Amino acid sequence: MDIKKEFEQTLVLIKPDALKNSLTGYVLSLLSEFHTGLRFAGAKIVYVGRMLAEEHYAEHQGKIFFPSLLEYIMGKLHYPDEPWKRRVIALVYQGTDAVKKIRDICGPTNPLVARDKNPGCIRALGTLVALKDSDGNIIGERMDNLIHASATNEDAEREIKLWFTPTDIPPFMRAYPVETNHLHYFFKDGNLYLKHEPESICLLSPGDIAWKTDIDALRAIERGPQSASSLGSVAAKYLINREKEVG
Ligand code: GTP
Ligand code: MG
């Protein structure tokens, strides 16, 4: 058995449209160990704030559909008047060929293509929604495709570290190096502090276990000019489900 392959991981998000349509059980069945040979390594219900949404979809920044993509993953489009229902289910699956196996069951990004090319895949149950400007002209489309799955092993590592802290994952199942932190790190208004600031949030305390790459990033931010984007990618998971973010 190739131990390294056995530890391959991928991030799955069950998106707000899947929750609204009560498809969670169906999706979990298709992804179950019986069908895929993969195991759960992590699971959480997440109220998605703007920082997390922007970090997750950073590669799409600047595209015409980016604003609606953020609103979609934040649950605002499917629950405009019921913020308490806005959430996604974030899952880490582990096992041989985890990335490819799950992408195959999800199917093509566009639900119409999914129906055409791969009937029976999860995204074949999705929908396309017209995007209009303030005058009502159609300027594009939104793809409500029910599920996210990491596209490559590199994406999986970035995304799992974005959504999960090491202690969200059982110690024998962690696929990426961790380190014990020795400093206090506080976060407020997009900035990092080593000492407590009024109304700041403590990201890490001495003795906490963190992803090694996060500790490296925090040290670099602390030394050099602050890089808002890299700080966001470290901080977002520590802010998950902390506060109500409305609007
Ligand atoms: P994810 O698993 O959600 O990341 O989908 P993907 O990897 O199949 O596609 P990609 O990462 O390229 O896009 C992320 C999300 O942006 C998709 O799930 C779609 O909701 C949306 N998206 C991607 N490309 C387009 C596009 O050309 N038009 C529109 N309207 N939405 C898109
Ligand atoms: Mg993608």
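Whatever order the structure lists ligands and atoms in, that order sets their numbers, starting from 1. Since the model is a prediction, treat every value here as computed from it, not as a measurement. Side chains are part of it too, since the values below use all heavy atoms of this structure and drop only hydrogens, waters and symmetry mates.
The nearest heavy-atom contact from the protein to atom 18 (O) of ligand 1 is Asn145 ND2, 2.8 Å. Atom 14 (C) of ligand 1 has as its closest protein heavy atom His60 NE2, 3.3 Å. Atom 15 (C) of ligand 1 has as its closest protein heavy atom Leu69 CD1, 3.7 Å. Atom 6 (P) of ligand 1 has its closest protein heavy atom at Thr109 OG1, 3.5 Å. For atom 24 (N) of ligand 1, the closest non-hydrogen atom on the protein side is Phe65 CZ, 3.5 Å. For atom 5 (O) of ligand 1, the closest non-hydrogen atom on the protein side is Arg123 NH2, 3.0 Å. Looking only at heavy atoms of the protein, atom 4 (O) of ligand 1 is closest to His148 ND1, 2.9 Å. The protein non-hydrogen atom at the shortest distance from atom 7 (O) of ligand 1 is Arg103 NH1, 2.8 Å.
Atoms of ligand 1 lying under 4.0 Å from any heavy atom of Glu141, numbered from 1 in the order shown and given with element: 29 (C), 30 (N). Heavy-atom contacts of Ala149 reach the following atoms of ligand 1: 2 (O) (cutoff under 4.0 Å).
Side-chain contact annotation: Glu243 with Tyr47, donor-acceptor N/O pair under 3.5 Å absent. Using modelled atom types and a 3.5 Å distance limit, the side chains of Ser150 and Glu159 yield a donor-acceptor pair.
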**OP:** Mind running ring-ring contact (aromatic ring centres under 6.0 Å, His included) on Tyr238 and Phe187 for me, showing each step along the way?
**Re:** CA-CA 10 Å; Tyr238 295 107; Phe187 178 82; over 10 Å; no

**OP:** Just do the salt bridge (Lys or Arg N to Asp or Glu O under 4.0 Å) check on Arg158 and Glu154 with the steps written out, would you?
**Re:** CA-CA 6 Å; Arg158 185 189 78 83; Glu154 291 69 35; over 6 Å; no

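Nearest to atom 3 (O) of ligand 1 by heavy atom, out of Glu159, Lys63, Lys15, is Lys15.
Residue Met143 has at least one N or O atom closer than 3.5 Å to an N or O atom of ligand 1.
Judged by the 6.0 Å and 45° rule, Lys15 forms no cation-pi pair with Tyr72. Relative to the six-membered ring of Tyr79, Lys20 meets both conditions, a distance below 6.0 Å and an angle of at most 45° to the axis.
A side chain to side chain contact (heavy atoms under 4.5 Å, CB included) with Gln94 is found for exactly one of Met173, Glu6, Glu8, namely Met173.
Ring planes of His60 and Tyr57: tilted class, angle from 30 to 60°.
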